[in-house]
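Below: the structure, in structure tokens.
Any value given below was found using the heavy atoms of this structure, including those in side chains, with hydrogens, waters and symmetry copies removed.
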Amino acid sequence: MLAQTLRGATVVATNTMELYYLRMQRAKEKLDKTKMEDKNQCQRKLRVCVATCNRADYSKLAPIMFGIKKQPEEFDLEVMVLGSHLIDDYGNTFRMIEQDDFDIGSKLHTIVRGEDEAAMVESVGLALVKLPDVLQRLRPDILVVHGDRFDALALATAAALMNIRILHLEGGEVSGTIDDSIRHSITKLAHYHACCTRRAEQHLIAMCEDHSRILLAGCPSYDKLLSSNHRDDYMDIIRSWLGDKVQERDYIVALQHPVTTDIQHSIKIYGLMLDALISFNKKTLILFPNIDAGSKEMVRVMRKKGIEQHPNFRAVKHIPFEQFIQLVSHAGCMIGNSSCGVREAGAFGTPVINLGTRQTGRETGENVLHVRDADTQNKVYHALELQFGKRYPCSKIYGDGNAVPRILKFLRTIDLDEPLQKTFCFPIVKDSISQDIDHILETQSALAIDLGGTNLRVAIVSMRGKIVKKYTQPNPKKYEDRMQLMLKMCTDATRDAVSLNCRVLGVGVSTGGRVNPQEGVVLHSTKLIEEWSSVDLRTPIADVLQLPVWVDNDGNCAALAEKKFGHGKGVENFVTVITGTGIGGGIIHQNELVHGSTFCAAELGHIMVSLEGPQCSCGSRGCIEAYASGMALQKEAKRLHDEDRLNVDGMDMKLTEPITAAHLINAAKLGNCEADAVLNKASTALGVGIVNMLHIVNPSLVILSGILASLYQAPVQHIISERALVSAKNIKVVTSELEEPALLGAASMVLDYATRRTY
């Protein structure tokens, strides 16, 4: 009995152990499976669906699609095509997507023909009927939608209702017409935003969007546009569309779309534009309008005027974007109301005539001439006369060529586990508040160039005057070597700016000599910089960097530096005097820099204070520079040294050491009466010259800048108190606290004047 009991207990124990081990094995397998699922989840690729509706939005989306396609280990790309891409009258442009080697996962015929307001509404409705099945099949993690088209509104509506995350490109912009309402509606439906300009970013924040989900990326089309602008075969492209006899910058590109909120008026403007182009008698490439309400009537106007048969016109439905870039960049002018005119054309400096109200509110460069009330043919013709054949500084308002890397980086940060429900930020964030988050905000910066007699310096300067990075090289003697080195240093700096999280707005150049800042040309150089007269600096720098360029002389730049970052900040009228190797300066009068009629205002070093004084480097006699400059003091120091009257007890002078102004100053401090007399005469000359300035322009402040500023400050203040008129005796003289006035002044031209001109 006992044995049976023991055997039974053993069996029970054995079964219990087997059950225990079985449970442990299952638990381990379950744990391993969970870990594997977690690992797979962590490694899962982001499924991105890019939806494109027409030829225009594809030019913005294609660079992103190429970027996603190049990283298959991180992203799965699905392409959806709908809208006018699939209509023969608009070029069947889906074929160019296939030619770019993209697999189109879905083609949706969503356009209801009619080209009127009702057809647009019906097209949105048809798209909403068809989209749910496609989105359920594709099941994307995120849908990328562009712009302000009614097709895009249908996409965003369907995705939002189906709990699919939306990345909206180019939100926050203002352009007039119904497009604004559609764009802002998509903004409210979208979860993430990639905008093009600082102002657009601020608009999104003002619309209560979460600023942590806003990326200031720039326009993706600029990535392709800037990289492929300079092609060797551009003339072949131009002639393939306009004929063999056409020349660069001797033709016009025309592209006019209907304004859906005022169709009849936009049709009238279109007719006036065509009449003006016929009268202007230049080769013209004209593209058919988009599919908005009113486009059918515009095509009728075009055909009624015989444009398709006219020898000066070539009418086309579609041009591949790479070729369109070449046609726009080398055109004599672009006319119409396409966003391409106010956005992409600025990158080339191509003159643009914007007709009507379709782009009202867009940020534009100085290349755009607006004709809001285009109510007569003569007005449009006159605009063509003003703009045709001009060239403007290149503008990067809408991008710097690095949008796609920023957008891909932004996509990687999207956390699919965070709540899908949007949150809105109340109250509105103040304009002055910005976040320093790597992928959200970059530092607005300028590229500053200082062309000195000895060194060539380039710096990246932030909006607050911080020198982020500086590059210094000896300034070559020859013009060609100097230009080559300068362009290389600038190219290196713009490349480094991306990794330093700096957005370069433009280039400012400070150089010695007389400068025409309107043309960006050095007219006459100082003797310190050889082969530097009649030099166009703006054009080569703008062509290479594709950035707007400002040029001014070093004295004016020093004044601008003080105005923005130094003692002149908030002062309406002041004079800056540079006391260095030479004497120069700048005058700020009523908050504006004074250049003069021939750009030689504020040549302070060449104010004559004596009729028979020492000879100046300018060829005259008795100039301040001949008394008080570093060169003048060095000359006097050498004279005293040669006469063995410079050295005094306590001076440590080596036989091989070159004699400089510093030895003269040191000798005066140690009691050398003759050296002290030289400095007193120099201080008096400078002081008298500044008194003359006080009596001419009557500033409220004098700022001494340069290596000799501290030496001259007290004596000049004393001379003013003795010799100036009673009303000017109390004007204060201060020394500059800026370490790099030339670089900061060059940067301030960009930071103050690279502003957005809004129509």
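Nearest heavy-atom pair, P63 versus S59, reported as atom, atom and distance to 0.1 Å: CD-O, 3.3 Å. A pairwise comparison of heavy atoms in S338 and Q359 identifies C-NE2, 3.6 Å as the closest pair. Between A374 and I269, the closest heavy-atom pair is O-CG1, 3.8 Å. Taking all atoms of both residues into account, the shortest heavy-atom contact from P258 to P289 is CD-CB, 4.0 Å. Minimum heavy-atom separation, V404 to P220: CG2-CB, 4.4 Å. Nearest heavy atom pair, residue F565 against residue L744, reads CE1-O, 3.8 Å.
Side chains of H370 and T364 form a contact here, defined as non-hydrogen atoms less than 4.5 Å apart. Residues C196 and Y222 have side chains not in contact (no heavy-atom distance under 4.5 Å, counting atoms from C-beta outward). For the pair L215/Y192, no side-chain contact is recorded, criterion being any heavy-atom separation below 4.5 Å from C-beta on. Between V461 and E740, the closest side-chain pair of non-hydrogen atoms is not below 4.5 Å. Side-chain contact check for D292 versus R149: some heavy-atom pair is nearer than 4.5 Å. When side chains are defined from C-beta on, E562 counts as touching L738, because their heavy atoms get closer than 4.5 Å. Counting heavy atoms from C-beta outward, P132 and L161 have side chains that stay 4.5 Å or more apart. The closest side-chain heavy-atom distance from R199 to V174 is not below 4.5 Å.
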Let me have the donor-acceptor pairs involving side chains of residues 46-53, under 3.5 Å, with sequence neighbours excluded, atom names and distances please.
from, atom 1, to, atom 2, distance (Å)
R47, NE, L138, O, 2.7
R47, NH2, E78, OE2, 3.0
T52, OG1, D57, OD1, 2.5
T52, OG1, H85, NE2, 2.8

Give every donor-acceptor pair under 3.5 Å between a side-chain atom in residues 203-210 and any protein atom, sequence neighbours left out.
from, atom 1, to, atom 2, distance (Å)
H203, ND1, G172, O, 2.7
E209, OE1, H193, NE2, 2.7
E209, OE1, K422, NZ, 2.8
E209, OE2, K188, NZ, 2.7
E209, OE2, K422, NZ, 3.2
D210, OD1, S212, N, 3.0
D210, OD1, S212, OG, 2.8
D210, OD2, S212, OG, 3.1

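Within 6.0 Å of atom CZ in R412, more than 12 heavy atoms from other residues, nucleotides or ligands are found, so the atom counts as buried in its surroundings. Heavy-atom neighbours of K107 NZ from other residues, nucleotides or ligands within 6.0 Å: above the threshold of 12. Within 6.0 Å of CD in Q421 there are 12 or fewer heavy atoms belonging to other residues, nucleotides or ligands. The neighbour count for E74 CD, taken as heavy atoms of other residues, nucleotides or ligands under 6.0 Å away, is above 12.
Here the straight-line distance linking atom CG of D133 with atom OG of S106 works out to 10.0 Å at 0.5 Å rounding. To the nearest 0.5 Å, atom NZ of residue K70 and atom CG of residue L77 are 13.0 Å apart. For the atom pair S185 OG and D180 CG, the distance stands at 10.5 Å (nearest 0.5 Å). Here the CG-CG distance, from N54 to L82, works out to 9.0 Å after rounding to the nearest 0.5 Å. For the atom pair OG (S462) and CG (L751), the distance works out to 8.0 Å, reported to the nearest 0.5 Å. Distance CD/E363 to OG1/T197: 3.5 Å, rounded to 0.5 Å.
In this structure, the salt bridge (charged side-chain N to carboxylate O under 4.0 Å, His left out) partners of D148, at least two apart in sequence or on a different chain, are R183. Taking F102 as the reference, F66 meet the ring-ring contact (aromatic ring centres under 6.0 Å, His included) condition, with sequence neighbours excluded. For A119, the side chain to side chain contact (heavy atoms under 4.5 Å, CB included) criterion is met by D116, not counting sequence neighbours. A559 pairs by the side chain to side chain contact (heavy atoms under 4.5 Å, CB included) definition with T576, I588, L593, not counting sequence neighbours.
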### Derivation and outcome, side-chain contact (heavy atoms from CB on, under 4.5 Å), residues I325 and E344
CA-CA 8 Å; I325 289 172; E344 283 83 357; over 6 Å; no

### I64 vs L169, side-chain contact (heavy atoms from CB on, under 4.5 Å): CA-CA, chis, key distance, verdict
CA-CA 11 Å; I64 301 173; L169 304 182; 3.4 Å; yes

### Query
Where do I214 and C195 land on the side-chain contact (heavy atoms from CB on, under 4.5 Å) test, with the steps shown first?
CA-CA 7 Å; I214 300 171; C195 59; 4.0 Å; yes

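A salt bridge does not link K45 with D141: none of the charged nitrogens is closer than 4.0 Å to a carboxylate oxygen. Between D400 and R406, at least one side-chain nitrogen of the basic residue sits less than 4.0 Å from a carboxylate oxygen of the acidic one, meeting the salt-bridge criterion.
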